**Student:** 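Before we start, here is the structure in question, set down as structure tokens.
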Amino acid sequence: MSVDLEDKILALLAQRRPGASICPSEVARAVRPHGAWRALLPAVRDAAAILARRGAVELRQRGRRVSPRGYKGPVRIVRAHKADHAAAYRGIDFRAHPERYRVGRGEQGVLLAEPYKSELLPLWRFRTPELARASVSALWKKFVAYRAAGDGVGMDMARKFLQMGFTRARRYANRRSGVKYRGSATPPDSTKAKCASIFFAAWKRVERDRTYRAWRARARRLVRSP
């Protein structure tokens, strides 16, 4: 039940504007719209405290942040800042708990979500076009294996590594130092540009995959659903 309540808290917060808060009673009513929702309030508060300890949310009283340990009285739940994204993913086995995974934007969480990070990171290389092709081949095989197993989180993580291969190689193609915002008069690196194009083609191939697209659409609907 705690995991379900944590997911409901995050789902309700995802529907609100940044900085908006929700009350534990809103979560309880959403879970038990026709039942004894008041009896669920202690469990909702406990779930909110777990999320706060992980850095996924903040608990506030009269506009001030309070500790998730030992607070008393009414409390509001607020989505944490993006800087706390790593804390929200810490210690979670997303293969065991795929319902706690969020697609997010772009490559968000690519180096956080386990066990997929440990499975895919060793395959990710873009120093030369030859390494990029080998990396894309290995990552695509993992994507196909995840797809065959019905593992949507794995499919999305493989997509993120392919996308990250493109963005990182493209960055080095434009700036030999790899520093994103530093101006440079050096010419583009054609080798890294080739690596970027290799990853780009594979990334878009995944995004066209019907099975992956259907899973991603369902995952996003679940986050938005009340």
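Note that the structure is predicted; figures quoted are calculated from it, not measured.
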**Student:** Would a distance-only check, ignoring hydrogens and angles, find a side-chain to backbone donor-acceptor pair under 3.5 Å from Glu58 to Arg79?
**Tutor:** no

**Student:** Taking Gln15 for its side chain and Leu12 for its backbone only, find out whether a donor-acceptor pair lies under 3.5 Å.
**Tutor:** no

**Student:** If hydrophobic clusters are built by linking Ile, Leu, Val, Met, Phe, Trp and Tyr wherever their side-chain heavy atoms come under 4.5 Å apart, do Leu59 and Val78 end up in the same one?
**Tutor:** no

**Student:** To the nearest 0.5 Å, what is the distance between CG (Asp209) and NZ (Lys204)?
**Tutor:** 14.0 Å

**Student:** With a 4.5 Å cut-off on side-chain heavy atoms, are Asp151 and Arg95 touching?
**Tutor:** yes

**Student:** List the steps, then state whether salt bridge (charged side-chain N to carboxylate O under 4.0 Å, His left out) holds for Arg100 with Glu6.
**Tutor:** CA-CA 8 Å; Arg100 299 171 75 170; Glu6 292 170 35; 2.8 Å; yes

**Student:** What is the minimum heavy-atom distance between Thr128 and Cys195, and which atoms define it?
**Tutor:** C-SG, 3.2 Å

**Student:** Could you report the tightest heavy-atom contact between Ala48 and Ile9, atom names first, then the distance?
**Tutor:** N-CD1, 3.7 Å

**Student:** With under 30° as parallel and over 60° as perpendicular, where do the rings of Phe161 and Trp124 fit, or are they tilted in between?
**Tutor:** perpendicular

**Student:** What's the spacing between Arg45 CZ and Ile50 CD1 if we round to 0.5 Å?
**Tutor:** 13.5 Å

**Student:** Looking at every non-hydrogen atom in both residues, tell me the closest pair between Ile77 and Pro24 and how far apart they are.
**Tutor:** CD1-CG, 4.2 Å

**Student:** Might you point out which heavy atoms bring Lys160 and Val110 nearest each other, and give the distance in Å?
**Tutor:** CB-CG2, 3.7 Å

**Student:** When you check the side-chain N and O atoms of Tyr212 and Arg159, is any donor under 3.5 Å from an acceptor?
**Tutor:** yes

**Student:** Between Pro129 and Thr191, is there a side-chain heavy-atom distance shorter than 4.5 Å?
**Tutor:** yes

**Student:** Run the salt bridge (charged side-chain N to carboxylate O under 4.0 Å, His left out) test on Lys194 and Glu130 for me, step by step, so that the C-alpha distance in whole Å, both residues' side-chain angles and the decisive distance to 0.1 Å come before the verdict.
**Tutor:** CA-CA 10 Å; Lys194 290 179 182 178; Glu130 291 74 20; over 6 Å; no

**Student:** Please report the interatomic distance CG(Leu123) to CG(Leu162), rounded to the nearest 0.5 Å.
**Tutor:** 10.0 Å

**Student:** Decide yes or no for Arg60 and Val66: does some side-chain heavy atom of the first lie under 4.5 Å from some side-chain heavy atom of the second?
**Tutor:** no

**Student:** Please tell me whether Tyr116 and Tyr146 form a close aromatic pair, meaning their ring centres lie under 6.0 Å apart.
**Tutor:** yes

**Student:** For the residue pair Ser21 and Arg76, confirm or rule out a side-chain donor-acceptor distance under 3.5 Å.
**Tutor:** yes

**Student:** For Glu114 and Ile92, what are the C-alpha separation, side-chain angles and deciding distance, and is it a side-chain contact (heavy atoms from CB on, under 4.5 Å)?
**Tutor:** CA-CA 7 Å; Glu114 293 285 11; Ile92 300 176; over 6 Å; no

**Student:** Using only heavy-atom distances, determine whether the side chains of Thr167 and Gln163 contain a donor-acceptor pair under 3.5 Å.
**Tutor:** no

**Student:** Could you state the interatomic distance from CZ (Phe94) to CE (Met157), rounded to the nearest 0.5 Å?
**Tutor:** 9.0 Å

**Student:** When rounded to the nearest 0.5 angstrom, what is the spacing between CG in Asp46 and CG in Leu40?
**Tutor:** 10.5 Å

**Student:** So, for Glu119 and Lys142, which heavy atoms are closest and what is the spacing to 0.1 Å?
**Tutor:** OE1-NZ, 4.3 Å

**Student:** Are Leu131 and Trp140 connected into the same hydrophobic cluster when the rule is that any two of I, L, V, M, F, W, Y join if their side-chain heavy atoms are below 4.5 Å apart?
**Tutor:** no

**Student:** Kindly indicate, with the supporting measurements, whether the criterion salt bridge (charged side-chain N to carboxylate O under 4.0 Å, His left out) is fulfilled by Arg29 and Glu26.
**Tutor:** CA-CA 5 Å; Arg29 290 175 188 270; Glu26 295 178 63; over 6 Å; no

**Student:** Please work out which of the three classes, parallel, tilted or perpendicular, describes the rings of Phe199 and Phe126, given edges at 30° and 60°.
**Tutor:** perpendicular

**Student:** Can you give me the closest heavy-atom contact between Pro68 and Arg53, atom names plus distance?
**Tutor:** CG-CG, 3.5 Å

**Student:** With a sphere of 6.0 Å drawn around NZ of Lys141, does it hold more than 12 non-hydrogen atoms of other residues, nucleotides or ligands?
**Tutor:** no

**Student:** Quick check on the hydrophobic clustering: are Leu41 and Val57 connected, directly or via other members, by side-chain heavy-atom contacts under 4.5 Å?
**Tutor:** no

**Student:** Using the ring of Trp37 (Phe, Tyr or Trp, six-membered ring only), decide whether Arg32 places NZ or CZ under 6.0 Å from its centre and within 45 degrees of its axis.
**Tutor:** no

**Student:** Rounded to the nearest 0.5 Å, how far does CE of Met155 lie from CZ of Arg216?
**Tutor:** 10.5 Å

**Student:** For a salt bridge (charged side-chain N to carboxylate O under 4.0 Å, His left out) check, start with the C-alpha distance between Asp156 and Arg102, then their side-chain angles and the critical distance, and finish with the verdict.
**Tutor:** CA-CA 10 Å; Asp156 194 54; Arg102 296 293 177 262; over 6 Å; no

